[in-house]
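Below is one structure, written out as structure tokens; comments come after it.
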Amino acid sequence: MPELPEVQTVVSDLQELVASQTLEKIVINDPKVWFHSSLQPKYFTGRQLRHVDRRGKYIVYNFGDIHLVQHLRMTGKMLLSDAKEIPHNIIKANSLQLRLKLIFNNVELVFYDPRRFGTMTAVIDLDAYFKSKQLAPELYSNEPQLALDHYLAKVDYSNRPIKSTILDQSIICGAGNIYADEALHRAGVHPSTPTNTLLSSQHQAIFAHLKEVMREAILKRGTSAADYLDLNGNPGVFKQYLKVYKRKDELCKTCDRTRICRIKIAGRSSHYCPKCQPFTKTND
DNA sequence: TATGGCCTGTAC
DNA sequence: GTACAGGCCATA
């Protein structure tokens, strides 16, 4: 699923491909995709796209005083309309899975999403919009200390499992299930550990590992575990570097003699090595 | 703060 | 057939 590295890959590619182009038309195929009470798609017609940015897992198309904010959720993909990976019958049948098209003067993009969870939102006041989402500071901003301070300030007050905490976008933003599991494995922390029983040094390690693993994944253009593809329909290649995610019953790549376990935490599957990530309460 | 709903393709 | 995948939001 698209998490920070996958979204960043799409954003970088979009920036190269369509920045400064004129948006000729937005064609809404599935009305459910569009979120705004008054700002209609036609309002964007003829506007020049300034640049494409990322905020957390959201894609931001900046048209100056108005914006499109897109979320791919689990199975959403932005694809060049001639990418071979778009099932031909879907296009032909005009299925709702082809949710909308962005037609620029030189390029046509389709928002294809089999599960139809993704969204496109017309936004005027970006700051207010993201404030309402209560997103934590960006991990890779010019002021990286902000995100760490924000994280450390919040983690003392919750006894939730640490896995739930790092999926909480208001505490640290960008991670999803894949990189949360990978970061906890690198940090040697069991995903069920109550958040407020971890030492400050362990929290700093988790934070640093999350940042590191997602940076590595960006360099590999993301992880295609199930659905994710880039604009051209190509997969990301970070999957081969995953050490726990979706590796239940396989040998741990770190200790090489323990099989990866999978448990449910807060409704999500969590993968961990019981030897490298023993369950311990370190303080009380 | 935990849970169910949104969705549908895939795996069993 | 049925369970499962999970990011976000509304709800209790």
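Because the structure is predicted, anything quoted here is derived from the model rather than measured.
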Seminar exercise, completed: A correct dot-bracket answer for DNA chain C, with pairs being Watson-Crick or G-U at under 3.5 Å, [ ] for crossing pairs and | for inter-strand pairs, is |||||.||||||
For this session: Please check if atom CD in A:Q48 has more than 12 non-hydrogen atoms from other residues, nucleotides or ligands closer than 6.0 Å.
Result: yes
Exercise. How about A:K32: does its NZ atom have over 12 heavy atoms from other parts shown lying under 6.0 Å from it?
Worked result: yes
Is any side-chain nitrogen or oxygen of [X] closer than 4.0 Å to OP1 or OP2 of [N]?
X      : N     : result
A:K32  : B:dC6 : no
A:K57  : C:dC8 : yes
A:Q169 : C:dG7 : no
A:K264 : C:dA5 : yes
A:R262 : C:dA5 : yes
A:Q97  : B:dC7 : no
A:H71  : C:dG7 : no

Exercise. Counting any heavy atom closer than 4.0 Å, what does A:M1 reach on the DNA or RNA strands: base, sugar-phosphate only, or nothing?
Worked result: sugar-phosphate
Exercise. Touch check for A:S164, heavy atoms < 4.0 angstrom, all strands: base, sugar-phosphate only, or nothing?
Worked result: nothing
Is it the case that the side chains of [Y] and [X] hold a donor-acceptor pair, with the cut-off being a distance below 3.5 Å and no angle test?
X      : Y      : result
A:S12  : A:Q8   : yes
A:S192 : A:Y272 : no
A:N196 : A:S158 : no

Problem set entry | 5′-ward residue of the pair A:N159/A:R268 relative to DNA chain B | A:N159
Rounded distance in Å - [atom1] ([X]) to [atom2] ([N]):
X      : N     : atom1 : atom2 : answer
A:D227 : B:dG9 : CG    : P     : 11 Å
A:R116 : B:dT8 : CZ    : P     : 5 Å
A:R160 : B:dT3 : CZ    : C1'   : 13 Å

Taking the same atom, [atom1], in [N] and in [M], what whole-Å distance lies between them?
N     : M     : atom1 : value
B:dG4 : C:dA3 : P     : 14 Å
C:dC8 : B:dG9 : P     : 22 Å
B:dC6 : C:dG1 : P     : 23 Å

Exercise. Are the aromatic ring centres of A:Y58 and A:F130 under 6.0 angstrom apart?
Worked result: yes
Exercise. Can A:I66 be reached from A:I103 by stepping across I, L, V, M, F, W or Y side chains whose heavy atoms are under 4.5 Å apart?
Worked result: no
Problem set entry | From A:L49, A:L102, A:N106, residue fulfilling side chain to side chain contact (heavy atoms under 4.5 Å, CB included) relative to A:Q21 | A:N106
Problem set entry | side chain to side chain contact (heavy atoms under 4.5 Å, CB included) partner of A:K163, the single match among A:T195, A:N177, A:T193 | A:N177
For this session: Drop me the distance from A:L242's CG to A:H271's NE2, to the nearest 0.5 angstrom.
Result: 10.0 Å
For this session: Decide yes or no, distance alone: a donor-acceptor N/O pair under 3.5 angstrom between the base of C:dA5 and the side-chain of A:R115.
Result: yes
Seminar exercise, completed: Testing C:dC8, C:dA5, C:dG7 for proximity to the side chain of A:Y58, the answer is C:dC8
For this session: For DNA chain C, find the residues of residues 171-181 of chain A with a heavy-atom distance under 4.0 Å and give them by number; none if there aren't any.
Result: A:G176, A:N177
